[in-house]
Amino acid sequence: MKKIDDTQKSILIGVGVAFLVGILTFLFSSDNAKKKTKATVNRQKAKHYVNDKFNSKSAKKLVSKLTDDEINLLAGAAGKVSNLEDKFSDMGSDMKDYMQDKSKDAKKAFKKVKK
């Protein structure tokens with residue numbers, strides 16, 4: 001087997017140390033990276049939501065000026081509003097069916113009374 005000279009030994013040690021520093025940096029900064037990624041994703045969601053709801057360039061510019069905490073609040077509020085919209089649309093559909101049934105019942109009752 002070939003002996004490793006001092007230059008190769010130094011290179012291997014340097015690469016190993018750089019690798020360890022990279023791993024440690026990733027482990028210590030992963031929480032920060034997660035927060036940044038979440039903030040970026042929420043910012044894009046907020047821009048899309050504002051564009052869909054208001055379709056205004058000034059509203060999109062306003063979203064760009066918001067802090068990450070404000071964006072997170074906006075994303076949470078948008079999610080709650082979306083849930084409410086879904087509930088009301090379901091309720092409206094149920095109410096429509098209910099009203100149609102009652103209308104049919106009323107027509108039947110009216111026909112019976114007419115006879």
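- At a threshold of 4.5 Å between side-chain heavy atoms, the hydrophobic network of Ile, Leu, Val, Met, Phe, Trp and Tyr places Leu12 and Leu20 in two separate groups.
- Applying the side chain to side chain donor-acceptor pair (under 3.5 Å) criterion to Asn51, with sequence neighbours excluded, gives no partner residue.
- For the side-chain contact (heavy atoms from CB on, under 4.5 Å) with Ile71, the qualifying choice from Leu66, Val41, Thr40 is Leu66, the only one to do so.
- Minimum interatomic distance between Lys47 and Ser64 (heavy atoms only, all atoms of both residues): CE-OG, 3.4 Å.
- In this structure a side-chain-to-backbone donor-acceptor pair under 3.5 Å is present from Arg43 to Val63.
- Rounded to the nearest 0.5 angstrom, Thr67 OG1 and Leu73 CG are separated by 8.0 Å.
- The CD atom of Glu70 sits 12.5 Å away from atom NZ of Lys65, with the distance rounded to the nearest 0.5 Å.
- Salt bridge Lys38/Asp68: absent, no basic N to carboxylate O contact under 4.0 Å.
- The shortest side-chain heavy-atom distance between Asp5 and Lys9 does not fall under the 4.5 Å cut-off.
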